[in-house]
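Values in this document were obtained by computation on a predicted structure and should not be read as measured data. FYI, the numbering just counts along the sequence from 1.
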Amino acid sequence: MIKTFNLTCVSEFRLMGFSEDRDLQPILFGLFLSMYLVTVLGNLLIILAVSSDSHLHTPMYFFLSNLAITDIGFISTTVPKMIVDISTHSRVISYVGCLTQMSLLTFFASMDDVLLTVMAYDRFVAICHPLHYAVIMNPHHCVFLLLLSVFFSLLDSQLHNLVALQFTCFKDVEIANLFCYPSQVFSLSCSDTLLKNMVTYFIGAIFGFIPMLGILFSYYKIVSSILQIPSSGGRYKAFSTCSSHVLVVCLFYGASIGVYLGSEVSYSPKNVMVASLMCTVVTPMLNPFIYSLRNRDIGCALWRLWSWRM
């Protein structure tokens, strides 16, 4: 017989640890702390480089700096709590804290998703309609697209919260993850699974599938336009402006698909945790390296910033 917990009785949840081995805890503490510091520092450098260099005051880098801000928020939603849990040997999170973490996690994940779509649209306009680029991607339009991204992300976050607030009882209080991942929280509910699944897949289709289609369509048009450029040098120059974005998109969606496959198709707590860490920790950490190493403008701006500081 499955024991259920009424909402009135549930004041906290227990999170799963990455390892029960006490000897590994200091190593995990150092690993997560270093990854967090590298991510925050790397993304702050991107923001500083874009804001301090007038050559980078363009729509592409405007959206890149906002992506860096989002990545800092994304990793700050989960890793500091994980570090505290490791240091205190406690994996407890309050009911309100869990809903707050889930809400913020959903918001920043959606922001990443929508911003990557907007950045693909920016590259589509730049390559397919270069003569109209300055008119289409004017400052007012860029701010509007950013506000639209925030609105859709808030909507996604609040929809997840509304679903979670409908739960009146839980089958268990142990979440099979390092943090309050929405699908794991939903799976603990005793509520109607049909409604739960309908809402989850509807939200996933709107905020996951449609942005992915937008990115694929943009790059279909971009590749078609690049192939029409007669010179190989021109084709290389056009594609080089997109290469960093393509790598980040592949990393983000690859990790997101990994989380889905780990939790829905072949459920395994360890696989879900690894995929979740890839999505929420590794991806935000690698983004600054991808953009600084693959993008000459960012690299030059960082070098000028370093030279000026010296």
Side-chain angles (χ1 to χ4, degrees), residues 39 43 46-47 50 58-78 101-126 128 136-163 181-183 199-222 241-242 244-260 276 278-284 286-288 290-291:
T39 303
N43 282 289
I46 294 288
I47 297 165
V50 172
T58 62
M60 182 173 77
Y61 295 110
F62 169 74
F63 293 123
L64 175 59
S65 59
N66 280 283
L67 182 68
I69 294 170
T70 302
D71 282 340
I72 291 173
F74 199 12
I75 195 169
S76 297
T77 304
T78 56
Q101 188 182 61
M102 186 182 74
S103 180
L104 290 172
L105 187 67
T106 307
F107 172 76
F108 287 117
S110 296
M111 272 295 289
D112 254 8
D113 192 14
V114 181
L115 278 175
L116 288 173
T117 308
V118 170
M119 291 169 77
Y121 171 71
D122 171 73
R123 291 299 83 207
F124 160 72
V125 176
C128 300
I136 297 173
M137 300 302 293
N138 62 72
H140 293 294
H141 191 204
C142 290
V143 172
F144 171 74
L145 289 172
L146 177 63
L147 292 176
L148 202 63
S149 302
V150 173
F151 171 75
F152 279 117
S153 301
L154 279 172
L155 181 62
D156 186 17
S157 174
Q158 292 312 304
L159 283 173
H160 276 88
N161 252 0
L162 284 173
V163 174
Y181 202 82
S183 60
V199 173
T200 303
Y201 289 128
F202 174 76
I203 293 172
I206 296 297
F207 296 100
F209 188 63
I210 291 177
M212 190 187 295
L213 277 181
I215 292 171
L216 290 174
F217 177 77
S218 296
Y219 275 104
Y220 166 72
K221 290 291 187 181
I222 287 169
T241 64
C242 307
S244 299
H245 181 257
V246 170
L247 285 173
V248 170
V249 167
C250 291
L251 189 62
F252 178 79
Y253 279 105
S256 300
I257 292 169
V259 173
Y260 172 76
S276 299
M278 282 292 297
C279 192
T280 59
V281 180
V282 178
T283 300
L286 292 181
N287 284 356
I290 292 171
Y291 274 103

Is the shortest side-chain heavy-atom distance between [X] and [Y] below 4.5 Å?
X: His141; Y: Pro59; answer: no
X: Tyr121; Y: Ile215; answer: no
X: Thr106; Y: Pro182; answer: yes
X: Met111; Y: Ser149; answer: yes
X: Ile46; Y: Asp71; answer: no

Pick one: which of [options] meets side-chain contact (heavy atoms from CB on, under 4.5 Å) with [X]?
X: Ile47; options: Leu64, Asn66, Ile72; value: Ile72
X: Phe74; options: Asp112, Asn287, Thr283, Val281; value: Asp112
X: Leu115; options: Leu145, Ile69, Leu67, Val150; value: Leu67

- Item | Test item: Thr77 side-chain N/O and Leu105 main-chain N/O as donor-acceptor pair under 3.5 Å | no

Search all heavy atoms of [X] against all heavy atoms of [Y] and return the closest pair with its distance.
X: Met137; Y: Asp122; answer: CE-OD1, 3.7 Å
X: Ala109; Y: Phe252; answer: O-CZ, 3.7 Å
X: Asn161; Y: Met102; answer: OD1-CE, 3.9 Å
X: Pro284; Y: Asn43; answer: O-ND2, 3.3 Å

- Message: Before you tell me yes or no, could you show the steps for Met212 and Tyr253 under side chain to side chain contact (heavy atoms under 4.5 Å, CB included), namely the whole-Å CA-CA distance, both residues' side-chain angles and the distance that decides it to 0.1 Å?
- Response: CA-CA 8 Å; Met212 190 187 295; Tyr253 279 105; 3.3 Å; yes

- Task: Run the numbers on Ile75 and Thr280 for side chain to side chain contact (heavy atoms under 4.5 Å, CB included), then give the verdict.
- Result: CA-CA 6 Å; Ile75 195 169; Thr280 59; over 6 Å; no

- Task: Show your reasoning for whether side chain to side chain contact (heavy atoms under 4.5 Å, CB included) applies to Phe152 and Ser110.
- Result: CA-CA 8 Å; Phe152 279 117; Ser110 296; over 6 Å; no

- Could you go step by step and tell me if Tyr220 and Leu216 meet the side chain to side chain contact (heavy atoms under 4.5 Å, CB included) rule? CA-CA 6 Å; Tyr220 166 72; Leu216 290 174; over 6 Å; no

- Looking at the rings of Tyr219 and His245, which for Trp means the six-membered one, are their centres under 6.0 Å apart? yes

